[in-house]
Structures are given as C-alpha cells and as structure tokens.
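See below for the structure under consideration.
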Amino acid sequence: MISITIIGSGNVAQHLIKAISKTTILEVTQVYVRNIDSVSHLIDYDKITNDISKLKNADLYIISVSDDAIQTVSKSLFFSNKLVAHTSGSVAMEELSDNNRKAVLYPLQTLSKKKEVDFTTVPLCIEAQNEADLQLLTEVAQNLSDHVYNVDSEQRKSLHVAAVFVSNFVNHLYKIGSDICIEHKVPFEILKPLILETAKKVQIMEPNEAQTGPAKRNDTSTINKHLAILTDENQKDIYKILTKSIIDNGKKL
C-alpha cells in the first residue's frame, strides 16, 4: 500500500479522499484539517488531526489548500526529505519548501463538494524533482485516473489559464444568460439542450470549426439588435468584446 496524508479540507482535498478510498493500492493514512468535523463524513475520526505536529509517517503528503497558503503550509511541516506535493494549477513546484522533496498532483477539473465526479475521468497533471519520485507519483496518479500527464510548472500555468477560459468564464456566461432569461421572464431550462450540444461538439470538432452565430457570420444587423436588448452595460461590454474576438479570429483564417 502507498500511504498518503492529505493536508486540507476543500473541494480538491475531499474528492481526493473519496477517490483514494476507492482504490486497493492507495490508503489515506491521515488528514490534517483545522476543523475535524469538515471531513469526518469521509474518514474515521482517528485518522483526522488538527495538530500539524502530529502528522504520521507517509509515502506522500498532498497539500490541498488555497494557492496563497501553499508555501506557508509547506514550511510549517516539521519533517524533512519527505515527498510533498501540492494540487494547484497556478503555483510553481519550486514554491514548496526546500525542506522536503517537491512534487505536483494537479487535477484539471472543476470540483465542488456537493457534486460527485468520476475521478477516473479527471486529467491529472504530475511533476516531480527526480525520477524516483515521479515514478511513485505516476503510480499514485494512475490508480486514481485513466488520464495522467507529465506537465512541468510553466505548462501547467498555461493549462490553468486555458481552463479559466473554458470553464470559469464559460460558467459566468451561463450566469449572464440566466440573468437575461430571468429579466425577460423566459425559463433558462430552454437553453440547456443548446449548452449540452455545444459541449458535445467540441469533443469531436476543433473549437474553430464548431463556432456558429452572428459574430461568426459578421451579421451586424443581428448583433445590433442583441445590443439593443441588453440593458446591463457590463453585459453589453462583454458581448462587444467577445463578438470582436470572434470576428477578428475569422479574419485570420
């Protein structure tokens, strides 16, 4: 068995605890959290601690906390020469403390505590300082997911930016679409089949090939009608920026 300690109780930490518990090769030895009750529904109380000085020996320690806390937490670990990985997409591996061997295990997926996910489908981006640690991390990752990638810190930062565009920004556009529906008293439900079909198309087509709509056609009449409907100036600005981007992209082809 490969013993793993999870440090943190957020979305990623909780999904990791669940995913590890479903394997036969990996074991959560301990979870460090500030509030013991935050993960007591996932793991036995005797495996949870809120005292970082009481962390037990493990093959791998995974720091799964907010980006701005990673460095502080890694420096607070009292041991040395252990394999310590963080789960961030935007923090370089080198930002971990030099007291221990450094690694990254980054799940590239939107994860929420209340939404179950098949972790075997989640792409895991891994990085380590030496070949032996990379082999161990690869074994851990392959027991959690069917999609494991060796990605260095610079590549991972670029992936994180791309992920913000295709997930966080897109979800905000869903919110704007929902607000427009509410304002004009039409159900957002009507748009859900369109959302699903758009997501399906990008699985089999390049995004550029899948692009449709008035901006793609440079249909200024429809674009102006849309702008006239929008009452929120922020929504108008977003509409204009995205429309210009799509039109400009068409000119490059």
Side-chain angles (χ1 to χ4, degrees), residues 1-120 122 124-129 133 136-137 139-141 143-145 153 156 160 168:
M1 297 286 285
I2 298 175
S3 57
I4 301 173
T5 290
I6 304 291
I7 299 172
S9 62
N11 294 336
V12 175
Q14 294 205 15
H15 279 281
L16 279 172
I17 293 169
K18 293 177 187 176
I20 292 169
S21 68
K22 294 177 182 177
T23 73
T24 57
I25 302 298
L26 313 178
E27 178 185 20
V28 177
T29 301
Q30 201 172 23
V31 179
Y32 166 76
V33 292
R34 292 177 181 173
N35 177 11
I36 288 179
D37 290 333
S38 63
V39 294
S40 60
H41 61 295
L42 298 174
I43 195 165
D44 293 341
Y45 264 105
D46 60 0
K47 290 188 174 183
I48 308 171
T49 182
N50 57 8
D51 185 348
I52 203 163
S53 68
K54 292 184 178 179
L55 289 181
K56 301 175 182 177
N57 186 52
D59 297 312
L60 172 64
Y61 298 82
I62 300 178
I63 298 176
S64 187
V65 298
S66 61
D67 288 2
D68 57 1
I70 289 173
Q71 193 172 64
T72 300
V73 171
S74 71
K75 287 181 178 179
S76 70
L77 300 176
F78 62 89
F79 45 75
S80 60
N81 199 32
K82 300 290 186 180
L83 181 57
V84 177
H86 72 65
T87 61
S88 170
S90 61
V91 176
M93 179 176 67
E94 294 307 317
E95 292 192 35
L96 289 166
S97 169
D98 292 333
N99 292 333
N100 288 288
R101 307 189 321 269
K102 306 174 186 182
V104 176
L105 179 72
Y106 168 51
L108 205 169
Q109 184 55 279
T110 174
L111 299 171
S112 301
K113 294 175 186 175
K114 295 181 180 180
K115 173 69 169 60
E116 291 297 323
V117 65
D118 180 1
F119 212 85
T120 63
V122 175
L124 293 180
C125 302
I126 62 173
E127 181 181 13
Q129 285 182 305
D133 288 340
L136 176 63
L137 202 61
E139 186 174 359
V140 170
N143 274 278
L144 294 173
S145 171
S153 288
R156 183 163 33 82
H160 194 256
N168 304 140

>> Could you work out, with side chain to side chain donor-acceptor pair (under 3.5 Å) as the rule, every residue matching Asp118, not counting sequence neighbours?
In response: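 Asp118: side chain to side chain donor-acceptor pair (under 3.5 Å) contacts with Thr120.
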Side-chain heavy atoms of [X] within contact of [Y], under 4.5 Å:
X      : Y      : value
Ile62  : Ile4   : yes
Tyr106 : His160 : yes
Ile70  : Glu95  : no

[atom1] of [X] to [atom2] of [Y]: how many Å apart, nearest 0.5 Å?
X     : Y     : atom1 : atom2 : value
Ser9  : Ile17 : OG    : CD1   : 8.0 Å
Lys18 : Ile43 : NZ    : CD1   : 13.0 Å
Asn35 : Asn50 : CG    : CG    : 8.5 Å
Lys75 : Asp98 : NZ    : CG    : 9.0 Å
Thr5  : Gln30 : OG1   : CD    : 5.5 Å
Tyr32 : Lys54 : OH    : NZ    : 12.0 Å

>> I'd like to know whether Tyr61 forms a ring pair (Phe, Tyr, Trp, His ring centres under 6.0 Å) with Phe79, so could you lay out the CA-CA distance, the side-chain angles of the two residues, the decisive distance to 0.1 Å, and finally the verdict.
In response: CA-CA 11 Å; Tyr61 298 82; Phe79 45 75; 4.4 Å; yes
Shortest non-hydrogen separation from [X] to [Y] and the atoms involved:
X      : Y      : result
Asp46  : Lys56  : O-NZ, 4.3 Å
Ser53  : Phe78  : O-CE2, 3.5 Å
Leu108 : Val122 : N-CG1, 4.2 Å
Ile126 : Ala141 : CG2-CB, 4.0 Å
Leu26  : Met1   : O-CE, 3.5 Å
Ala103 : Leu96  : O-CD1, 3.4 Å

Is a donor on one side and an acceptor on the other found under 3.5 Å between the side chain of [X] and the backbone of [Y]?
X      : Y      : result
Ser64  : Ala13  : yes
Asp59  : Ser3   : yes
Gln129 : Lys102 : yes
Ser88  : Ser90  : yes
Gln14  : Ser38  : yes
His15  : Ser112 : yes

Indicate whether any N or O donor in one side chain lies under 3.5 Å from an N or O acceptor in the other, for [X] and [Y].
X      : Y     : result
Asn99  : Lys82 : no
Asn100 : Ser80 : no
Gln71  : Ser97 : no

>> Between the side chains of Lys47 and Glu27, is the shortest nitrogen-to-carboxylate-oxygen separation below 4.0 Å, so that they form an ion pair?
In response: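 Looking at Lys47 together with Glu27, the answer is yes, because their closest N to O distance falls below 4.0 Å.
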>> Pair Ile25, Glu139 - check side-chain contact (heavy atoms from CB on, under 4.5 Å), show working.
In response: CA-CA 9 Å; Ile25 302 298; Glu139 186 174 359; 4.0 Å; yes
>> Could you walk me through whether Asp37 and Tyr45 satisfy the side-chain contact (heavy atoms from CB on, under 4.5 Å) test, starting with their C-alpha distance in whole Å, then the side-chain angles of each, then the deciding distance to 0.1 Å, before giving a yes or no?
In response: CA-CA 9 Å; Asp37 290 333; Tyr45 264 105; 2.8 Å; yes
>> Which residue is it: Ile7, Ile6, Ile48, Val65? I am looking for the one with a side-chain contact (heavy atoms from CB on, under 4.5 Å) to Val33.
In response: Ile48
> Pro107 pairs by side-chain contact (heavy atoms from CB on, under 4.5 Å) with which of Leu16, Leu124, Asn11, Val117?
Replying inline: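 Passing option: Leu124.
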>> Arg156 vs Val104, test: side-chain contact (heavy atoms from CB on, under 4.5 Å). Steps then yes/no.
In response: CA-CA 10 Å; Arg156 183 163 33 82; Val104 176; 3.4 Å; yes
>> Does Lys113 have more than 12 heavy atoms from other residues, nucleotides or ligands lying within 6.0 Å of its NZ?
In response: yes
>> Is there a side-chain contact (heavy atoms from CB on, under 4.5 Å) between Leu60 and Leu137? Walk through the geometry before answering.
In response: CA-CA 8 Å; Leu60 172 64; Leu137 202 61; 4.1 Å; yes
